[in-house]
Undergrad: 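The structure follows.
Below, chains carry the letters A, B, ... as their sequence lines are ordered, and counting in each starts from 1.
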Protein chains: 2
Amino acid sequence: MSQHRHPGAPGSAGAVPALPDLPEATVARLPEYLRALHNLADTGHETVSSEGLATAAGVNSAKLRKDLSHLGSYGTRGVGYDVAVLIGQIESVLGLTQNRAVALVGVGNLGHALAGYDGFASRGFRIAALFDADPARVGEEINGLVVRHIDELPRVAAEESIAIGVIATPAAAAQQVADELVAVGVTSILNFAPCVLSVPEGVDVRKVDLAIELQILSFHEHRKASLTGLPATGGSALTALPGGLAATDSQEAIGT
Amino acid sequence: MSQHRHPGAPGSAGAVPALPDLPEATVARLPEYLRALHNLADTGHETVSSEGLATAAGVNSAKLRKDLSHLGSYGTRGVGYDVAVLIGQIESVLGLTQNRAVALVGVGNLGHALAGYDGFASRGFRIAALFDADPARVGEEINGLVVRHIDELPRVAAEESIAIGVIATPAAAAQQVADELVAVGVTSILNFAPCVLSVPEGVDVRKVDLAIELQILSFHEHRKASLTGLPATGGSALTALPGGLAATDSQEAIGT
DNA sequence: CGCGATTTGTGCACGTCTTCACAAGCGCCT
DNA sequence: AGGCGCTTGTGAAGACGTGCACAAATCGCG
Ligand SMILES: NC(=O)c1ccc[n+]([C@@H]2O[C@H](COP(=O)([O-])OP(=O)(O)OC[C@H]3O[C@@H](n4cnc5c(N)ncnc54)[C@H](O)[C@@H]3O)[C@@H](O)[C@H]2O)c1
Ligand SMILES: NC(=O)c1ccc[n+]([C@@H]2O[C@H](COP(=O)([O-])OP(=O)(O)OC[C@H]3O[C@@H](n4cnc5c(N)ncnc54)[C@H](O)[C@@H]3O)[C@@H](O)[C@H]2O)c1
């Protein structure tokens, strides 16, 4: 979760282009649609139906249509959506047209993996700088970037326009790092440290926490186990359970 | 999101103890409460009020009380919650009392970081095995664990009871790995690869996707930027916008 | 022993999200 | 040109989640 925008914003001089004020749930799904669309584009598809795109993205087709309708209907009835057009629209809405500069703070175990990850650049982000507090790490070069001391953050921020800060330090240091990021004007933070950050209004924080994900899975596992009154049918229940529409078999839409 | 339980499940022999069937949103917050509670316990607190715990966990106190009430009221009016008791309760509900074995598949960039992370053991999970398909990686030792070839998965799974599978392979391999995990009986998967997995009913999948998080942040950044069009009031609209209770200042509850 | 201060647990109203179901629109084929 | 099948876009209903506000419960103290 992140901070909230004031929902009942007044119609204050709404001469702005056309920011449709998307539902948060929709925003969270757009990136998934975008990835599915890129896959489709790469496999030569020119258009795609809501049904096809929905299964490729792992969602309900009605939901997908409603999501897309929020950003202004770029589909053609009887045909579907133009893949290229839709990619452009979503990227535009998400603000991915400008390559946003990302600052990564904490180049430890996890930070190294993130710094070496090429999945950022291909999605509209550019790691602009790496920071750490440990003098032993400062100067190290990763993927063409040199690790700088955290004290240099203000200077670097003045040069590059940092759009997003990523925190990969221990939890004990996370709040201070967040404060420093906010101080240099960063208004979006992705936090990997397992702690709650306190930030001023207007700053968005998203959190990724491994342990929480595992614990949620653990809960479901726990519950499944307590339901095992049924003998479980021996081994290969693999191909059983037609299930219906429920899950996923987006495979055919993307793969083939 | 993950797969769903069939909602309108028939009253199939429901003589189970007392699984309260928590709302999914509540389940997702329990780990956060748990972490806050551990922090409190470590700092010597015996009891905590809903208000205190709520701020420590970054949520609304009413929400917290409702969440806790779902698992059967272990608080005392006029006093608060007994920290130790609540920890026990939540851990019990989440099924953390048994140390669940985790299998990590894909020991690359990210997999290394995960394998070397000590935040698992301290939260009720034990990395039981590491797998990779690259012969060059097999045999490597990380944190006391030897990387095994993915083909050994069935044998290892027969020895250890793998509760959760973590996929940290490239997207192209993720579906196959998921299938292999399911084949050896894994019913909970945490997926780091940026793709939709297709799994049979009854298997839970959770996904962690960096790029999606960044893109969501990008959207908000984009929108914030487009709101700066209102020059009308002549400058620092920065500190405007009362907004309300929204944010956070859990700090004092944890840190100090 | 009773009273007031405090905090939990929850009924209720509200907002958000999801899903169904179908009219409106589009292209193709005859 | 007209009809037909397909697909989008959306109204409406229902499920779900949130937060207020307050009664019920408990403790401590006089
Ligand atoms: N490693 C993982 O797989 C993993 C998984 C989930 C969560 N996390 C979390 O991510 C964070 C980082 O984990 P890690 O394993 O990389 O830890 P780490 O100790 O390997 O790395 C932390 C790095 O942060 C640096 N640092 C400390 N204080 C700093 C400061 N004030 N300013 C700048 N840099 C500072 C340290 O010098 C170190 O290089 C932790 O909060 C951890 O809980 C890690
Ligand atoms: N590195 C990051 O910071 C990061 C961040 C977000 C997401 N991801 C995602 O996590 C995944 C892993 O990223 P990475 O940077 O570690 O990639 P990587 O290429 O460094 O590592 C992938 C590993 O998976 C192994 N592998 C490939 N096919 C396999 C198979 N069939 N069975 C078992 N192992 C197999 C490879 O041998 C390799 O060791 C990717 O999907 C990536 O998109 C990574």
Side-chain angles (χ1 to χ4, degrees), chain A residues 1-9 20-30 32-33 45-83 85-86 89 244-247 253, chain B residues 1-9 20-30 32-33 37 45-83 85-86 89 243-247 253:
Chain A
M1 313 302 162
S2 63
Q3 320 311 116
H4 268 293
R5 206 75 307 107
H6 36 148
D21 206 20
L22 307 179
E24 195 53 35
T26 295
V27 174
R29 282 187 294 265
L30 287 181
E32 198 72 55
Y33 302 156
H45 296 72
E46 301 261 324
T47 65
V48 62
S49 72
S50 66
E51 193 64 38
L53 182 53
T55 54
V59 302
N60 184 303
S61 71
K63 200 189 298 191
L64 178 131
R65 285 199 299 276
K66 184 147 287 186
D67 283 342
L68 294 187
S69 79
H70 284 132
L71 44 92
S73 182
Y74 285 83
T76 307
R77 295 173 191 228
V79 177
Y81 299 90
D82 183 295
V83 172
V85 168
L86 203 48
Q89 275 304 312
L245 52 134
Chain B
M1 315 298 164
S2 60
Q3 318 313 117
H4 267 294
R5 207 75 310 102
H6 31 150
D21 207 19
L22 306 178
E24 194 53 35
T26 295
V27 173
R29 282 186 295 263
L30 287 180
E32 198 72 55
Y33 302 157
L37 284 166
H45 296 72
E46 302 260 324
T47 64
V48 63
S49 71
S50 66
E51 194 65 36
L53 182 53
T55 54
V59 302
N60 185 301
S61 71
K63 200 188 300 191
L64 178 132
R65 287 199 297 277
K66 185 151 291 187
D67 282 343
L68 295 186
S69 78
H70 283 133
L71 44 92
S73 182
Y74 284 82
T76 308
R77 294 174 190 227
V79 177
Y81 299 89
D82 182 295
V83 173
V85 168
L86 204 48
Q89 276 303 312
L245 48 136

Undergrad: Distance from Tyr81(A) atom OH to Leu68(A) atom CG, nearest 0.5 Å?
TA: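 Spacing of OH (Tyr81(A)) from CG (Leu68(A)) equals 4.5 Å.
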Undergrad: Quick one: closest heavy-atom pair of Ser61(B) and Ser50(B), and the distance?
TA: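 Looking at all heavy atoms of both residues, the closest pair is CB-O, 4.0 Å.
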Undergrad: Please list each protein N or O that sits under 3.5 Å from an N or O in nucleotides 26-30 of chain C, with the distance.
TA:
{"unit_1": "dC26(C)", "atom_1": "O4'", "unit_2": "Arg77(A)", "atom_2": "O", "d": "3.3"}

Undergrad: Output the distance between atom CG (Leu64(B)) and atom OG (Ser49(B)), rounded to the nearest 0.5 Å.
TA: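 If I round to the nearest 0.5 Å, the distance is 9.5 Å.
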Undergrad: Starting from P on dT7(D), measure out to CG on Asp82(A) and report it in whole angstrom.
TA: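 Taking CG of Asp82(A) and P of dT7(D), I get 16 Å after rounding.
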Undergrad: Would you say the side chain of Val59(B) lies within less than 4.5 Å of the side chain of Arg29(B), judging by non-hydrogen atoms?
TA: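 Yes - at least one pair of side-chain heavy atoms lies under 4.5 Å apart.
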Undergrad: Take atom CD of Gln89(A) and atom C1' of dT8(D), then tell me their distance rounded to the nearest Å.
TA: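 Answer to the nearest Å: 16 Å.
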Undergrad: Without decimals, in angstroms, what is the distance between His70(A) NE2 and dG9(D) P?
TA: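 One finds 12 Å between P of dG9(D) and NE2 of His70(A), rounded.
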Undergrad: Which part of the nucleic acid does Ala25(A) contact within heavy-atom distance under 4.0 Å: base, sugar-phosphate only, or nothing?
TA: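 If one applies the 4.0 Å heavy-atom cut-off, Ala25(A) turns out to touch the sugar-phosphate alone, with no base involved.
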Undergrad: Taking only side-chain N and O atoms of Ser49(B), does any of them lie within less than 4.0 angstrom of OP1 or OP2 on dT7(C)?
TA: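 It does not, given that no N or O in the side chain of Ser49(B) lies less than 4.0 Å from OP1 or OP2 of dT7(C).
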Undergrad: With rounding to the nearest 0.5 Å, note down the distance linking CG in Asn60(A) to CG in Asp67(A).
TA: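 Rounded to the nearest 0.5 Å, the CG-CG separation comes to 10.0 Å.
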Undergrad: Write down the distance between CG (Leu22(B)) and P (dG17(D)), rounded to a whole number of angstrom.
TA: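 The distance from CG of Leu22(B) to P of dG17(D) comes to 11 Å, rounded to the nearest Å.
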Undergrad: Rounding to an integer number of Å, can you tell me how far Leu68(B) CG sits from dT10(C) P?
TA: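 In whole Å, dT10(C) P lies 11 Å from Leu68(B) CG.
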Undergrad: Please state whether the phosphate of dC20(C), meaning OP1 or OP2, lies under 4.0 angstrom from any side-chain nitrogen or oxygen of Asn60(A).
TA: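 Asn60(A) to dC20(C) OP1/OP2: side-chain N or O found under 4.0 Å.
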Undergrad: Could you tell me the separation between the CZ atom of Arg65(A) and the P atom of dG25(C), rounded to a whole number of Å?
TA: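 Nearest whole value for this atom pair: 16 Å.
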Undergrad: Please determine if a side-chain N or O atom of Arg29(A) lies less than 4.0 Å away from the OP1 or OP2 oxygen of dT18(C).
TA: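 Yes, because at least one side-chain N or O of Arg29(A) sits under 4.0 Å from OP1 or OP2 of dT18(C).
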Undergrad: On the nucleotide dT8(D), are OP1 or OP2 found under 4.0 Å from the side-chain N or O atoms that Ser50(A) carries?
TA: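 Indeed, a polar side-chain atom of Ser50(A) lies that close.
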Undergrad: Any chance you could measure Gln89(B), atom CD, to Leu30(B), atom CG, to the nearest 0.5 Å?
TA: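 One finds 11.0 Å between CD of Gln89(B) and CG of Leu30(B).
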Undergrad: Please write out each protein N/O paired with an N/O of nucleotides 11-15 of chain D under 3.5 Å, distance rounded to 0.1 Å.
TA:
{"unit_1": "dG11(D)", "atom_1": "O6", "unit_2": "Lys66(A)", "atom_2": "NZ", "d": "3.1"}
{"unit_1": "dA12(D)", "atom_1": "N6", "unit_2": "Lys66(A)", "atom_2": "NZ", "d": "3.0"}

Undergrad: Given atom CD of Glu51(A) and atom C1' of dT7(D), what is their separation to the nearest angstrom?
TA: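 Rounded to the whole Å, the gap is 10 Å.
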Undergrad: Starting the side chain at C-beta, find the nucleotide from dT18(C), dG9(C), dG19(D) nearest to Tyr81(B).
TA: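 Of the candidates, dG9(C) comes closest.
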Undergrad: Using the side-chain heavy atoms of Lys63(B), tell me which of these nucleotides is nearest: dT18(D), dT8(C), dC22(C).
TA: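 The answer is dT18(D), which lies nearest to the side chain.
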Undergrad: What closest approach, in Å, do Val83(B) and Leu37(B) show between heavy atoms, and which atom pair accounts for it?
TA: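 Val83(B) and Leu37(B) have their closest heavy atoms at CG1-O, 3.6 Å.
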Undergrad: Could you tell me which non-hydrogen atom of Leu53(A) sits nearest to which non-hydrogen atom of Tyr33(A), and how far apart they are?
TA: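 What the structure gives for the nearest pair is CD1-O, 4.2 Å.
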Undergrad: Write down the distance between CG (Asp21(A)) and P (dG15(C)), rounded to a whole number of angstrom.
TA: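 It works out to 15 Å between those atoms.
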Undergrad: Choosing from dA21(D), dG17(D), dT10(D), which nucleotide comes nearest the side chain of Ser69(A)?
TA: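 Nearest nucleotide to the side chain: dT10(D).
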